[in-house]
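Just so we're on the same page: letters track the sequence lines, and every chain starts at 1. Note that the structure is predicted; figures quoted are calculated from it, not measured.
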Amino acid sequence: MQRTQILDALNAEGPKAEIRVCGWVRTRRDSKGFSFLELNDGSCLTNIQVIVDESVPTYQVIKDVHTGASVDVRGELVESPGKGQRWEVRCTELILLGVADAETFPLQKKRHTDEFLRTIAHLRPRTNKYGAAFRIRSEASYAVHNFYRERGFFHVHTPILTGSDCEGAGEMFRVTTLPVTGATKPESGNYFENDFFGRESSLTVSGQLEAELLTMGLGRVYTFGPTFRAENSNTPRHAAEFWMIEPEMAFADINDDMDLGEAMTKHVVQHVLDHCATDLNLFASFVDKELMGRLETLVKEPFARVTYTEAIDILLAAKKDWEYPVSWGCDLQTEHERYLAEEHFRKPVIVRDYPKEIKAFYMRLNDDNKTVAAMDVLVPRIGELIGGSQREERLDVLEARIRETGQNLDDYWWYLDSRRFGSVPHAGFGMGFERLLMMLTGITNIRDVIPFPRTPNNIEF
RNA sequence: UCCCUGGUGGCUCAAUCGGCAGAGCGGGUGACUGUUAAUCACUAGGUUACAGGUUCAAGUCCUGUCCAGGGAGCCA
């Protein structure tokens, strides 16, 4: 007999004479002569109630059916005479698939702290909160692909292994097959000539440069893949391995870029509001009481848009006691970004046209020669959700910027070719997928929106 | 990496001025014919993160180490 997912069983139109459900027992309640099981199979947040009478042939196994055990239940789907649920399964056959020893199984029927659950990340998908988080993660991922597909973007796969040490987005993890013993890098010569790729190679910190090359042939592309940063960051917003969405558009400018970032953010939020109501409600009820209001504002209202220069004026006018003093030319610190998004605008804000000195070489130089066509989307509580720019398409300007930032033109010969042959205005951005999920769920630590997070000193599981 | 706070049964926490290590939940045993955070009774469970030190006496004070959380930097 085919298994019915609990999601479908709970949404049944009418009773069923025969049904089979499988899942993990969340709790068991006994009375004399019968037991109730709360069964969850991950298909949805809600458990289904199973009533097992002592007349069931295998009733004696019920003593071993503890929280965490897995069972296969056959029976009848009937209207529940009790309160709290519409349907329940009246069991006629019970198979105990896997026991979970009550003395050693770490998950209890009570609430656990996130810190404790992180130490048992292999078991936390069986909890309400993490089940909901990972279902939302899946649905948000679908919404991303759906958004781009509807707009004529092609999903491209950029390399994870890279020989480019010029991506410039942070410290990189080295990839090597050389033995670890006694390996020290010599002062001169090519230490890596005997390595797998014959040169120094790393895990990617961004697919952007390759995405730019692909957009110059496919028109509109996006990547959605893992990204690796070897920074020793110890914050609730950083991970060493995270997933990033990087769209790139040919024949587009900074305004198109901002429009795309705003539309995409709204699309994913709206999709999750429409399709994950039950899971989202858990977060709105138990994690962040203001979540729904914030998400609804985000979807309804246009994002605020200011230039960097205007943002600096706002920060100066705020007359706050900044830990980092504000002046034109300084980089925006966390306290500044939070003030703009959380206190001044009270909604997502896009800041554009940053001083060229504090931004990457590939961002397009504005006519003032002082600023570049960069744009950051700052959202309340999360900070920088999106960082993007119109790319510098003019060969001479790009070469000058590479030199200015002390880099070697030869390292970029293939990237520069895209400007040498049929260069076009283009723009794109990077969005941290986990930060989007934090925004969607109200979860405050990035380690809790990734099933098995990688952070400094943490690569268990 | 820097700053702050913390580490006590399986989990969440308490322990006054340095003076007998406790509770709730969870577990076990039993009771209960519709429970739903089930309820009720009984019960077991501790090298107070680790290593030193001060003291008649250390969970508590001092030093070092490790780990965790928060803030900052770096960034998405």
Spacing of the [atom1] atoms in [M] and [N] (rounded, Å):
{"N": "G22(B)", "M": "G59(B)", "atom1": "C1'", "value": "12 Å"}
{"N": "A15(B)", "M": "G19(B)", "atom1": "P", "value": "12 Å"}
{"N": "C75(B)", "M": "C62(B)", "atom1": "P", "value": "38 Å"}
{"N": "G46(B)", "M": "C13(B)", "atom1": "C1'", "value": "15 Å"}
{"N": "C20(B)", "M": "A57(B)", "atom1": "C1'", "value": "12 Å"}
{"N": "G26(B)", "M": "G10(B)", "atom1": "C1'", "value": "7 Å"}
{"N": "C67(B)", "M": "C50(B)", "atom1": "P", "value": "15 Å"}
{"N": "C17(B)", "M": "G9(B)", "atom1": "P", "value": "23 Å"}

Self-check item: Among U35(B), G28(B), G34(B), the one nearest Gln85(A) by side-chain distance
Solution: U35(B)

Practice problem: Would you mind telling me which of G28(B), G34(B), G27(B) lies closest to the side-chain atoms of Pro81(A)? | Solution: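 Selected nucleotide: G34(B).
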
For a quick check of understanding: with a heavy-atom distance under 4.0 Å over all strands, which category does [X] fall into, base, sugar-phosphate or nothing?
{"X": "Glu88(A)", "result": "base"}
{"X": "Ile48(A)", "result": "nothing"}
{"X": "Phe116(A)", "result": "sugar-phosphate"}
{"X": "Leu436(A)", "result": "nothing"}
{"X": "Gly82(A)", "result": "base"}
{"X": "Phe34(A)", "result": "sugar-phosphate"}
{"X": "Thr113(A)", "result": "sugar-phosphate"}
{"X": "Glu103(A)", "result": "sugar-phosphate"}
{"X": "Ile51(A)", "result": "base"}

Look at the aromatic rings of [X] and [Y] and report parallel, tilted or perpendicular, splitting at 30° and 60°.
{"X": "Phe173(A)", "Y": "Phe228(A)", "answer": "perpendicular"}
{"X": "Phe147(A)", "Y": "His267(A)", "answer": "tilted"}
{"X": "Phe153(A)", "Y": "Tyr222(A)", "answer": "perpendicular"}
{"X": "Trp328(A)", "Y": "Tyr308(A)", "answer": "perpendicular"}

Quiz item: Applying the salt bridge (charged side-chain N to carboxylate O under 4.0 Å, His left out) test to Asp114(A), which of Arg124(A), Arg447(A), Lys129(A) qualifies?
Solution: Lys129(A)

Exercise. Walk me through it: do Phe224(A) and His155(A) pass the test ring pair (Phe, Tyr, Trp, His ring centres under 6.0 Å)?
Key: CA-CA 8 Å; Phe224(A) 187 175; His155(A) 182 203; 7.2 Å; no

Length of the line joining [X]:[atom1] and [N]:[atom2], which is rounded to integer Å:
{"X": "Lys129(A)", "N": "A37(B)", "atom1": "NZ", "atom2": "C1'", "value": "18 Å"}
{"X": "Lys83(A)", "N": "U35(B)", "atom1": "NZ", "atom2": "P", "value": "9 Å"}
{"X": "Gln49(A)", "N": "G34(B)", "atom1": "CD", "atom2": "C1'", "value": "8 Å"}
{"X": "Ile62(A)", "N": "U35(B)", "atom1": "CD1", "atom2": "C1'", "value": "13 Å"}
{"X": "Lys109(A)", "N": "G10(B)", "atom1": "NZ", "atom2": "P", "value": "20 Å"}
{"X": "Leu123(A)", "N": "C11(B)", "atom1": "CG", "atom2": "C1'", "value": "14 Å"}
{"X": "Glu231(A)", "N": "C74(B)", "atom1": "CD", "atom2": "C1'", "value": "5 Å"}
{"X": "Trp87(A)", "N": "U35(B)", "atom1": "CH2", "atom2": "P", "value": "20 Å"}

Measure the [atom1]-[atom2] distance between [X] and [Y] for me, rounded to the nearest 0.5 Å.
{"X": "Leu214(A)", "Y": "Thr223(A)", "atom1": "CG", "atom2": "OG1", "result": "9.5 Å"}
{"X": "Leu7(A)", "Y": "Asn40(A)", "atom1": "CG", "atom2": "CG", "result": "10.5 Å"}
{"X": "Arg3(A)", "Y": "Cys22(A)", "atom1": "CZ", "atom2": "SG", "result": "5.5 Å"}

Quiz item: When you check the phosphate oxygens OP1 and OP2 of G10(B), does a side-chain N or O of His112(A) lie under 4.0 Å from one of them?
Solution: no

Quiz item: Is any side-chain N or O of Lys110(A) closer than 4.0 Å to OP1 or OP2 of C25(B)?
Solution: no

Practice problem: Return the stems involving RNA chain B, sorted by first number, where pairs are Watson-Crick (N1-N3 with N6-O4 or O6-N4) or G-U wobble (N1-O2 and O6-N3), both under 3.5 Å, and runs are 3 or more long. | Solution: B:1-7 with B:66-72, B:10-13 with B:22-25, B:27-31 with B:39-43, B:49-53 with B:61-65

Quiz item: So does Glu54(A) reach the base of U33(B) with its side chain, donor to acceptor, closer than 3.5 Å?
Solution: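 Result: no qualifying N/O pair found.
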
Quiz item: Looking at G26(B), does its base get a donor-acceptor pair with the side chain of Arg28(A) below 3.5 Å?
Solution: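 By the distance-only test, no, there is no pair.
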
Self-check item: Protein proximity profile, nucleotides 67-73 of chain B - base contact B, sugar-phosphate-only contact S, no contact -, cut-off 4.0 Å on heavy atoms
Solution: --SSSBB

Exercise. Specify the closest pair of heavy atoms between Ala100(A) and Thr67(A), including all atoms of both residues, with the distance to one decimal.
Key: CB-O, 3.7 Å

Quiz item: For the side chain of Arg29(A) and the backbone of Glu38(A), is there at least one donor-acceptor N/O pair under 3.5 Å apart?
Solution: no

Quiz item: Considering heavy-atom distances to RNA chain B, does Met431(A) or Pro106(A) have its closest nucleotide positioned more toward the 5' end?
Solution: Pro106(A)

Quiz item: With side chains defined as the heavy atoms from C-beta onward, is the minimum distance between Thr297(A) and Arg346(A) less than 4.5 Å?
Solution: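 Answer no - side chains too far apart.
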
